[in-house]
**Q** 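This structure is in structure tokens; I'll ask about it shortly.
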Amino acid sequence: MRIFFVTVAAAAMLAGLSGCGGVSESLAVEGRAPVYPVLALKEANPVLRLDFIRTGDGPLEVSAVDISLKGTDKPKDVESVSLYGALDNGLIDTARLIYGPVPAAGKVRLDCRISAETDTLPVWVAVKMRDIIDLDGFVSVACTGVAAPDGKAVLPAGGIGNRLRTGVAVRKHGDDGVHSYRIPGLVRTDEGTLIALYDVRRDLGRDLQGDIDIGINRSFDGGASWGPLQVVMDMGQWGGLPRKFNGVSDACVLVDRTTGDIIVAGLWMHGVINEEGRWLEGLTEESTEWNHQWRNRGSQPGFGVRETSQFLITRSSDDGATWAEPENITRMGKREEWWLWAPAPGNGITMSDGTLVMPTQGRDHTGKSFSNITWSRDGGRTWTSSEPAAETPLGTTECAVVELSDGTLMLNMRDNRNRTDPSDENGRTVAVTADLGQTWTVHPTSRGALVEPTCMASLYRHDYTDAGERRSVLLFCNPASNEARVDMTLKASFDDGMTWPAENSILLDEGRGRGYSCITSVGEDYIGVLYEGSQADMIFQRIPLAELPGGK
């Protein structure tokens with residue numbers, strides 16, 4: 001985040017306001033222009049924070065604020081501009097509208113008439129976008145003037161403004177009466193349809209156990225608009241227990257490039273297994289017992305629904321319009337002694353030879369976490385899980401898989417060491433296999449190339465043609481921090497993941513979010529990213545490959 005401070009040299013920037021006299025002696029202005037996505041289907045997109053500071057003896061007074069949208073790529077995509085208050089933590093308070101909305105134009109005057117008995121008053125300039133916008137555009141926004149009753153406030157020397165990437169708030173907290181949406185997955189089908197996948201967490205934002213289904217939205221125009229929520233996996237009141245004791249979560253999606261079928265995997269919990277590993281009897285709608293498959297003994301050795309969490313898959317053969325009843329494949333891929341075998345959220349792949357591969361994860365016979373892959377050579381009728389990919393002191397969990405140009409598979413893994421020892425040396429654990437996970441080799445970049453704050457991340461291979469030559473790029477997205485889920489960043493490697501140059505990175509959202517993401521191709525020339533950001537539960541953005549210096 002950039003922070004600007006008032007300097008006398010900035011007086012020349014006051015020309016944006018007319019008829020307000022000379023320089024104000026009662027008001028100063030500081031500003032922040034964060035890198036946040038500007039989203040369709042969101043009422044208020046915070047774009048500039050202005051801190052009004054009293055410098056005189058009277059009350060803090062602001063007469064007007066001038067905002068410029070000049071330089072916005074698609075001006076008609078911006079519907080209105082408003083001014084909002086701020087929460088105690090400095091973020092926008094959308095429940096406190098101060099002024100507006102004012103119809104958008106190249107120059108917008110906010111005659112806000114603010115008076116406050118405080119030394120500092122933070123406010124947010126926010127814009128509302130139209131429901132369907134051009135995702136290739138940027139919104140340029142700047143504060144060009146602030147007036148007080150005694151004159152014009154001096155603006156910071158560097159100005160207060162930014163050029164912000166657009167996107168779509170595919171899912172927001174409270175949409176369709178749902179508490180929150182989590183755990184994104186994203187694929188492009190053979191028909192060109194984008195499918196956004198996620199947890200539908202109906203009552204609470206926390207992980208299993210709970211009333212959680214797997215839902216999707218489909219887009220037929222490259223992500224500009226999205227259809228309604230479709231539930232594709234819901235175990236209902238199975239086994240006589242309420243929905244909140246039959247949750248399904250952490251889905252992974254892949255497209256079988258041989259048949260065009262879409263396969264979704266999810267993890268189902270039936271009831272609650274307590275801290276001692278005992279399945280609890282007699283649960284009702286009023287019961288409050290809760291445990292997690294990754295906590296203590298929340299999932300156990302064995303195959304039964306009262307012993308361990310269950311691995312389900314469902315399939316669509318009509319481009320995601322309808323979905324088959326879930327199939328339980330726990331006995332296919334789980335070793336009886338393992339405490340858990342589960343999908344790794346995000347997306348899977350079809351290898352060049354037609355083999356289907358899903359990233360997966362679990363807990364071994366001691367309860368320690370691991371990452372691996374699960375594969376099928378018969379179109380998903382049968383599945384085989386591999387050996388764990390890496391031996392680390394505290395285990396690995398959520399992972400992403402790609403096929404490299406030599407036909408080997410790369411698995412990029414969340415490493416639990418980062419939770420207890422965040423440092424610049426910590427990062428993603430990376431391993432490769434040439435035999436579908438029977439054996440693994442630690443990759444040279446493991447732990448040293450891609451920083452993480454202990455969070456899921458996405459890895460994806462995008463193929464394209466450049467000057468008649470087929471090429472590929474690896475794309476990686478996660479919160480680029482070793483301490484917090486902030487700075488959601490897309491990175492690119494044009495050498496099969498051996499290097500990740502800083503110039504091949506794009507900051508998507510500097511704010512704090514839950515930090516999960518998923519990447520897919522949107523044709524040859526565009527990359528699509530669905531992620532949990534600071535501005536919505538599920539954000540979709542489309543990035544031209546040409547924006548990456550090593551690209552076309």
Side-chain angles (χ1 to χ4, degrees), residues 185-190 252-263 265 333 343-361 371-380 383-390 396 398-413 428-446 449-450 457-466 469-477 490-500 517-524 527-529 545 548 550-551:
L186 183 68
V187 291
R188 184 175 186 262
T189 72
D190 288 352
C252 182
V253 58
L254 69 85
V255 176
D256 183 340
R257 299 301 175 185
T258 303
T259 65
D261 284 1
I262 309 157
I263 297 172
N347 53 25
I349 64 172
T350 301
M351 296 180 65
S352 54
D353 66 359
T355 302
L356 306 181
V357 181
M358 285 188 288
T360 46
Q361 56 185 330
S371 310
N372 68 343
I373 58 171
T374 296
W375 53 270
S376 173
R377 281 183 165 153
D378 58 11
W383 295 88
T384 301
S385 57
S386 79
E387 296 293 328
T396 60
E398 294 154 336
C399 52
V401 65
V402 293
E403 183 179 14
L404 301 179
S405 57
D406 64 359
T408 60
L409 294 176
M410 171 183 281
L411 198 66
N412 184 292
M413 297 163 268
R428 303 287 293 183
T429 291
V430 183
V432 294
T433 179
D435 54 16
L436 290 175
Q438 294 182 57
T439 60
W440 294 89
T441 302
V442 175
H443 194 263
T445 63
S446 186
L450 296 165
S458 50
L459 181 70
Y460 180 80
R461 172 177 162 171
H462 174 76
D463 296 318
Y464 63 99
T465 301
D466 184 17
E469 179 183 352
R470 291 299 289 170
R471 298 185 62 191
S472 67
V473 55
L474 295 189
L475 297 149
F476 176 84
C477 187
L490 179 69
K491 300 178 180 180
S493 171
F494 290 90
D495 57 8
D496 261 359
M498 294 301 297
T499 62
W500 297 88
S517 63
C518 196
I519 308 168
T520 198
S521 302
V522 186
E524 281 207 3
I527 308 300
V529 185
L545 184 63
L548 299 166

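Positions are given from 1 along the sequence.
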**Q** With rounding to the nearest 0.5 angstrom, report the OG to CG distance, S517 to L459.
**A** 10.0 Å

**Q** For a quick test of reading the model, state the closest non-hydrogen atom pair linking D496 to L474 and the distance between them.
**A** C-CD1, 3.5 Å

**Q** List in chain and number order the residues that pass side chain to side chain donor-acceptor pair (under 3.5 Å) with T360, two or more places apart in sequence or in another chain; answer none if no residue qualifies.
**A** N372, T374

**Q** Nearest 0.5 Å, what's the OG-CG distance between S376 and D256?
**A** 8.0 Å

**Q** Could you pull out the closest heavy-atom pair between S472 and F494, with the gap in Å?
**A** O-CD2, 4.3 Å

**Q** Nearest 0.5 Å, what's the CE-OG1 distance between M410 and T433?
**A** 12.0 Å

**Q** So, S493 side chain and T499 main chain: donor-acceptor pair closer than 3.5 Å or not?
**A** yes

**Q** Rounded to the nearest 0.5 Å, what separates atom CZ in F476 from atom CG in N412?
**A** 5.0 Å

**Q** Looking only at heavy atoms, what is the nearest atom pair of A389 and M413, with distance?
**A** CB-SD, 3.9 Å

**Q** Looking at H443 and G497, what are the two nearest heavy atoms and their distance?
**A** CE1-O, 3.7 Å

**Q** Measure the OG-CZ distance between S405 and R471 for me, rounded to the nearest 0.5 Å.
**A** 11.5 Å

**Q** Would V253 and I262 satisfy side-chain contact (heavy atoms from CB on, under 4.5 Å), going step by step from the backbone distance to the final call?
**A** CA-CA 7 Å; V253 58; I262 309 157; 3.8 Å; yes

**Q** In the structure I gave you, are the side-chain heavy atoms of E403 and V357 within less than 4.5 Å of one another anywhere?
**A** no

**Q** Are L409 and I349 close enough that some pair of their side-chain heavy atoms sits under 4.5 Å apart?
**A** yes

**Q** Is any side-chain heavy atom of T258 closer than 4.5 Å to one of L356?
**A** no

**Q** Begin with the C-alpha distance, continue with both residues' side-chain angles, and end with the deciding distance and a verdict on side-chain contact (heavy atoms from CB on, under 4.5 Å) for S371 and L411.
**A** CA-CA 8 Å; S371 310; L411 198 66; 4.1 Å; yes

**Q** Between E524 and R470, is the closest basic N to carboxylate O distance under 4.0 Å?
**A** yes

**Q** Can you name the side-chain contact (heavy atoms from CB on, under 4.5 Å) partners of T408, sequence neighbours left out?
**A** L404, D406, A434

**Q** For a 4.5 angstrom cut-off between non-hydrogen side-chain atoms, does S385 reach M358?
**A** no

**Q** For a side-chain contact (heavy atoms from CB on, under 4.5 Å) check, start with the C-alpha distance between V187 and L254, then their side-chain angles and the critical distance, and finish with the verdict.
**A** CA-CA 7 Å; V187 291; L254 69 85; 5.5 Å; no

**Q** M498 versus P444: any side-chain heavy-atom pair under 4.5 Å?
**A** yes

**Q** Give the C-alpha distance, both sets of side-chain angles, the deciding distance and a yes or no for side-chain contact (heavy atoms from CB on, under 4.5 Å) between W375 and M351.
**A** CA-CA 10 Å; W375 53 270; M351 296 180 65; over 6 Å; no

**Q** With distance as the sole test, does T189 use its side chain to make a donor-acceptor pair with the main-chain N or O of V255 at under 3.5 Å?
**A** no

**Q** Return the CH2 to CG distance between W383 and D378, rounded to the nearest 0.5 Å.
**A** 8.5 Å

**Q** Give me the atom names and distance for the closest heavy-atom approach of Y460 to S521.
**A** OH-OG, 2.8 Å

**Q** Nearest heavy-atom pair of C252 and P343: which atoms, and what distance?
**A** CB-CB, 4.2 Å

**Q** Side chain to side chain donor-acceptor pair (under 3.5 Å) with D463: which residues, sequence neighbours excluded?
**A** R461

